[in-house]
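This report concerns only the one structure given below.
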Amino acid sequence: MIGVTGANGFVGHALVAHLRSHGHQVRELVRKADSANRDQMSVGDIGAETDWTQALENVDCIVHCAARVHVMRESTSNPLDAFRQVNVEGTRRLARQAAQSGVRRLVFLSTVKVHGESTSPGRPWNANDEARPQDAYSRSKWEAEQSLWNEAAGSGLEVVVVRPPLVYGPGVRANMERLRRWVAQGLPIPLGSVDNRRSLVALDNLVDLLARCIEHADAPGHSFLVSDGQDLSTPELVCAMASAMGRPARLLPVPPACLRLAGWLTARSAEVERLVGSLVVDPGPTHTTLGWQPPVTVTQGLNRWLGEPRP
């Protein structure tokens, strides 16, 4: 039996479908179960006092997708404490009770943002690079990773960490959904002069890797970076999205310095930087250790999300 936390979320929902399609028994763990869905089990709010005991009964591996995610318009007065309550203390509690319940392995969905917000030209990150989280979300994910390694050392629980970059696919939100709307509406997009590189991962590729981490004998004890293996500039991404939707890509050549200034003036610097900055990862060690390759290309991933497959 495989347990999936956050099973009704963006990644969790896709992972559950993937695992079931490959013959696995799955227990969907959610904050509040849908009474019409017998496969779901409620665990309530996630934190230091969450009781996972019943949810973990007869579970061999747990994939922890549930988290307090990055909030674009934060309303909490102390965001770091809010993130820590769910992402650190909730994860620590899950790991401890998983070990006590005889769960063999815990696969943790982290974020590439534990390494920082951008990479230098020609210097992609690898999983052994120094952690430099720069916001409350990524800091809480990094602290959660450390709590897992500590719990594993004292209990024998096998831990695997996966750090994805930007994930795209059906149900994605934030910048990718905003780009999709702009392209779909034929709006001019002021990103034509951006010269950057971004690693992305299709939802299909991410869930396939998570499934490999559940079973592979060499996965425990490692942190894995993942991508589609094809890094794109933001203009290239817009053009690829437009092609998948059968729409024109209306790119305007606005200098990145002007975009950054606009971001600063509107208090959206972080959002702008994700569109104009570079963030590249090296997934080579993941491929070598797990014998894994992305099953879909960027073009296939975008077509599955945005349009009909093309020959």
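Side-chain contact between W305 and M241: present, with at least one pair of heavy atoms (C-beta onward) separated by less than 4.5 Å. By the 4.5 Å heavy-atom criterion applied to side chains, V63 and L109 are not counted as neighbours. By the 4.5 Å heavy-atom criterion applied to side chains, M41 and V30 are not counted as neighbours. Contact annotation: the side chain of L29 never approaches that of V4 to less than 4.5 Å [non-hydrogen atoms, C-beta and beyond]. Taking the side chain as every heavy atom from C-beta outward, F10 and R173 never approach each other to under 4.5 Å. In this structure, L94 and L56 have side chains that are in contact, with non-hydrogen atoms separated by less than 4.5 Å. L157 has its side chain out of reach of R105: every pair of non-hydrogen atoms, C-beta onward, lies at least 4.5 Å apart. Contact of the V276 side chain with the R260 side chain is registered, since non-hydrogen atoms from C-beta on lie closer than 4.5 Å.
Between the R27 side chain and the A55 main chain, a donor and an acceptor come within less than 3.5 Å of each other. With hydrogens and angles ignored, the 3.5 Å screen pairs a side-chain donor or acceptor of S138 with a backbone N or O of D135. No donor-acceptor pair under 3.5 Å is formed between the side chain of S118 and the backbone N or O of L279. A donor-acceptor pair is defined here as one N or O able to donate and one able to accept, closer than 3.5 Å; no such pair exists between the side chain of N87 and the backbone of K141. Under a 3.5 Å cut-off, the side chain of S243 and the backbone N or O of A240 do not form any donor-acceptor pair. Of the possible polar contacts, one joining the N150 side chain to the Q146 backbone as a donor-acceptor pair under 3.5 Å is found. When atom types are taken as modelled, the side chain of R93 and the backbone of T50 share a donor-acceptor pair closer than 3.5 angstrom. Side chain of D208 to main chain of D204: no donor-acceptor pair is present (N/O by atom type, distance under 3.5 Å, no hydrogens or angles). Q97 contributes a side-chain N or O that, together with a main-chain N or O of W52, makes up a donor-acceptor pair within less than 3.5 Å. The backbone N or O of D34 sits less than 3.5 Å from a side-chain atom of Q40, completing a donor-acceptor pair.
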For residues 160-172, run the donor-acceptor check on the side chains, cut-off 3.5 Å, and write out each pair with its distance to 0.1 Å, sequence neighbours left out.
residue : atom : partner : partner atom : Å
R163    : NE   : E145    : OE1          : 3.4
R163    : NE   : E145    : OE2          : 3.1
R163    : NH1  : H115    : NE2          : 3.0
R163    : NH1  : A127    : O            : 3.1
R163    : NH2  : E145    : OE1          : 2.7
Y168    : OH   : D228    : OD2          : 2.7

Which pairs would a plain distance check flag for residues 214-222, meaning a side-chain donor or acceptor within less than 3.5 Å of a matching protein atom at least two apart in sequence or in another chain?
residue : atom : partner : partner atom : Å
E215    : OE2  : H24     : NE2          : 3.3
H216    : ND1  : D218    : N            : 3.0
H216    : NE2  : L290    : O            : 3.4
H222    : NE2  : D218    : O            : 3.4

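A distance of 10.5 Å separates NE2 of H18 from CG of L203, quoted to the nearest 0.5 Å. The distance from atom OG1 of T299 to atom CZ of R304, rounded to the nearest 0.5 Å, is 12.0 Å. Atom OG of S227 sits about 11.0 Å away from atom CG of L206, to the nearest 0.5 Å. In this structure, OG in S278 is found 7.0 Å from CZ in R198, a value given to the nearest 0.5 Å. Between the CD atom in E158 and the CG atom in L106 there is a gap of 10.5 Å [rounded to 0.5 Å].
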Open item on the list: Between E89 and R84, does the salt bridge (Lys or Arg N to Asp or Glu O under 4.0 Å) criterion hold? Intermediate values first, please.
Closed with: CA-CA 6 Å; E89 298 307 322; R84 279 175 168 160; over 6 Å; no
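Heavy-atom neighbours of W149 CH2 from other residues, nucleotides or ligands within 6.0 Å: above the threshold of 12.
Just one of I46, L148, T5 meets the side-chain contact (heavy atoms from CB on, under 4.5 Å) condition when paired with T91; it is L148.
The side chain to side chain donor-acceptor pair (under 3.5 Å) check on T286 picks up nothing, with sequence neighbours excluded. Judged as a salt bridge (charged side-chain N to carboxylate O under 4.0 Å, His left out), and not counting sequence neighbours, D231 has no contacts. Every residue meeting the side chain to side chain contact (heavy atoms under 4.5 Å, CB included) condition with D45, not counting sequence neighbours, appears here in chain and number order: R31. In this structure R20 satisfies the salt bridge (charged side-chain N to carboxylate O under 4.0 Å, His left out) test together with E28, D39, sequence neighbours excluded. Residues satisfying the salt bridge (charged side-chain N to carboxylate O under 4.0 Å, His left out) criterion with E117, sequence neighbours excluded, are K113. Among residues two or more places apart in sequence or in another chain, the ring pair (Phe, Tyr, Trp, His ring centres under 6.0 Å) test is passed with W142 by none. Shown here are the salt bridge (charged side-chain N to carboxylate O under 4.0 Å, His left out) partners of R181, two or more places apart in sequence or in another chain: E177.
Pairs passing the side chain to side chain donor-acceptor pair (under 3.5 Å) check and including a residue from residues 185-197, sequence neighbours excluded, read N196-T234, R197-E236. Within the structure, ring pair (Phe, Tyr, Trp, His ring centres under 6.0 Å) contacts touching residues 231-258 (residues at least two apart or in different chains) do not occur. The list of ring pair (Phe, Tyr, Trp, His ring centres under 6.0 Å) pairs with a residue in residues 232-263, not counting sequence neighbours, is empty.
Of all the heavy atoms in V183 and P248, the pair that sits closest is CG1-O, 4.4 Å.
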